[in-house]
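Both ligands and their constituent atoms are indexed starting at 1 by order of listing.
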Amino acid sequence: MNEQPRASFGGKLSVILVAAGSAIGLGALWRFPYIAGKHGGAAFLLVFLLSVLVVGIPVMLAEFAVGRHTKKNAVGAFRALSKRWSWLGYSGVLGALLISGYYYLIAGWSLEYFISSVTGDMFSSTLSYKEQFDLFQASWKPLLCGILFILMTHFIVSRGVEKGIEKASKIMMPALLIILIIMAVRVAFMPGASEGYSFFLSCDFAEAFKAETIMMAMGQAFFSLSVGMGCMVTYASYFKQNNNMVSTSFNVSILTLFVSVLAGLVIFPAVFSAGLQPTEGPSLVFVTLPEIFKGMPLAAVWSAIFFLLVILASLTSTISFHEVLTAYFAEEFGLCRKKAAFVTTMISIVLSSVTFFSLFGIDFFNMFDYITANILMPLGGMFTCIMVVWFMKKGFMKDELTNYGKCNRWFAPVVIFMLRYITPLLILYIFIKNFI
Ligand code: PHE
């Protein structure tokens with residue numbers, strides 16, 4: 001076992017920024033707009049919001065409790081609480097592996113878009129943005145950019161928790177918020193933007209109650225909040241004992257919602273203004289955004305800044321699932337941090353290559369995404385709720401939520417009630433309903 005003293009994050013703000021850094025990433029900026037676009041816009045937003053409140057926040061709190069209490073990697077943490085539940089930690093490790101199989105590739109797309117903004121290629125080409133995207137996909141570049149992204153993540157994670165992860169998040173998160181707001185204002189002046197607002201803000205309830213919409217929105221809540229796969233367990237293992245988990249989870253969730261809504265307010269008006277379809281799918285953000293920049297003075301500069309921030313937001317997320325694996329290899333196999341990070345990096349490169357080449361003709365990209373967001377994370381979250389309230393010693397959750405009686409007294413019973421009855425049953429219900 002690794003005997004070095006365990007690192008911890010600094011003050012309250014650091015903890016929020018680091019956890020929000022994990023949460024806010026491609027989930028809010030890329031996945032949310034394209035999935036919302038496919039599932040009715042406003043209807044999806046509404047169900048997503050409810051999922052964050054009723055499912056996301058309670059699961060996040062349960063994970064915080066497990067991580068902070070045990071101060072171990074995902075597998076070690078569940079095992080320390082109860083040997084019978086260590087499989088939940090392994091399911092988290094599996095989730096981190098599957099996400100590593102495709103997330104870096106998409107993060108790599110933003111790297112390519114950043115580079116072609118800086119070189120000016122993006123705006124000097126005579127091809128449409130859709131054609132440019134397809135051309136890029138048909139080349140080797142996505143794999144190269146994906147690997148570059150893995151190496152950037154490796155660099156930060158191997159530097160450690162305080163120097164690498166914490167410092168990076170503190171700068172990147174505020175910058176991202178500012179530029180998104182500027183873009184939302186700019187987009188409002190594009191011709192035809194109003195159609196986008198009505199798509200994103202006026203709700204078709206029939207769409208909202210469809211089993212598939214609900215399932216996708218719940219999956220989005222899990223994915224976007226990074227819960228249900230041991231990531232928040234791992235991060236909480238670096239929290240100080242006196243951290244107020246309830247306020248941390250609220251802040252992280254509100255920030256994630258805020259960025260998702262802002263992303264929608266930027267993308268949808270631009271989609272309609274440029275005559276594109278909101279149902280475009282995974283390329284939506286990448287074919288729409290250049291349209292916004294095109295008409296702006298200093299297009300290349302804005303575009304470069306924006307994609308730089310997408311890179312940074314993705315980086316604070318890739319760091320977090322890299323860390324799940326790095327902490328696992330370090331603590332469970334007794335490797336030093338650098339070696340553990342190296343093993344994780346190598347595995348990530350192999351998995352990304354498998355996805356890139358669609359080995360055996362399988363669409364790993366969508367498969368990995370679907371399995372993690374819609375199956376593994378919701379089930380992981382459901383069992384985590386069940387474990388902390390039904391199988392731990394009495395008062396475990398209450399002690400953790402109140403810091404042994406020091407804070408948030410009124411809120412703790414509400415969370416515990418949700419964890420006991422509402423959240424797991426709801427996840428199960430949505431799950432069964434969708435698969436029937
Ligand atoms: N929440 C991250 C995002 O939205 C993705 C992620 C999922 C990160 C699971 C860690 C664990 O981009």
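At the shortest separation from atom 3 (C) of ligand 1 among protein heavy atoms lies A23 O, 3.2 Å. Looking from atom 1 (N) of ligand 1 to the surrounding protein, the closest heavy atom is F223 O, 2.7 Å. Among protein heavy atoms, atom 2 (C) of ligand 1 sits closest to S22 O, 3.2 Å. In terms of protein heavy atoms, atom 8 (C) of ligand 1 is closest to S226 OG, 3.4 Å.
The neighbour count for K338 NZ, taken as heavy atoms of other residues, nucleotides or ligands under 6.0 Å away, does not exceed 12.
Contact atoms of ligand 1 toward F321: 8 (C), 10 (C) (distance under 4.0 Å to a heavy atom of the residue). Which parts of ligand 1 touch I99 is read off a 4.0 Å heavy-atom cut-off, strictly below it: atoms 7 (C), 9 (C). Of all atoms in ligand 1, listed by their number and element, those nearer than 4.0 Å to a heavy atom of L26 are 12 (O). For ligand 1, the atoms closer than 4.0 angstrom to any heavy atom of S224 are 1 (N), 4 (O). For ligand 1, the atoms closer than 4.0 angstrom to any heavy atom of S320 are 8 (C), 10 (C). Below 4.0 Å from some heavy atom of Y103 lie the following atoms of ligand 1, by number and element: 3 (C), 5 (C), 12 (O).
For an aromatic pair to be called close, the ring centres must be under 6.0 Å apart, and W140 with F357 satisfies this. You'll find the ring centres of F114 and F307 outside the 6.0 Å limit. Aromatic ring centres of F321 and Y104 lie closer together than 6.0 Å. Ring-centre distance between F368 and Y103: not below the 6.0 Å cut-off. Side-chain rings of F199 and F272 approach one another, their centers coming within less than 6.0 Å. Aromatic ring centres of W87 and F78: separated by at least 6.0 Å. Proximity of the aromatic rings of F396 and F391 is defined here by a centroid distance below 6.0 angstrom, and this criterion is not met.
At a heavy-atom cutoff of 4.0 Å, ligand 1 is contacted by the side chain of M377 but not by its backbone. Contacts of C231 with ligand 1, taken as heavy-atom pairs under 4.0 Å, involve the side chain alone.
Closest to atom 9 (C) of ligand 1 by heavy atom, among R31, M229, Q220, is M229.
Below 30°, between 30° and 60°, or above 60°: for F286 and W109 the angle between ring planes is above 60°, a perpendicular geometry.
Remark: ligand 1 and L225 share no N or O pair separated by less than 3.5 Å (distance only, no angle test).
Between E332 and R79 a salt bridge is recorded (basic side-chain N to carboxylate O distance below 4.0 Å).
Ligand 1 does not have F222 within reach: every non-hydrogen atom of the residue lies 4.0 Å or more from it.
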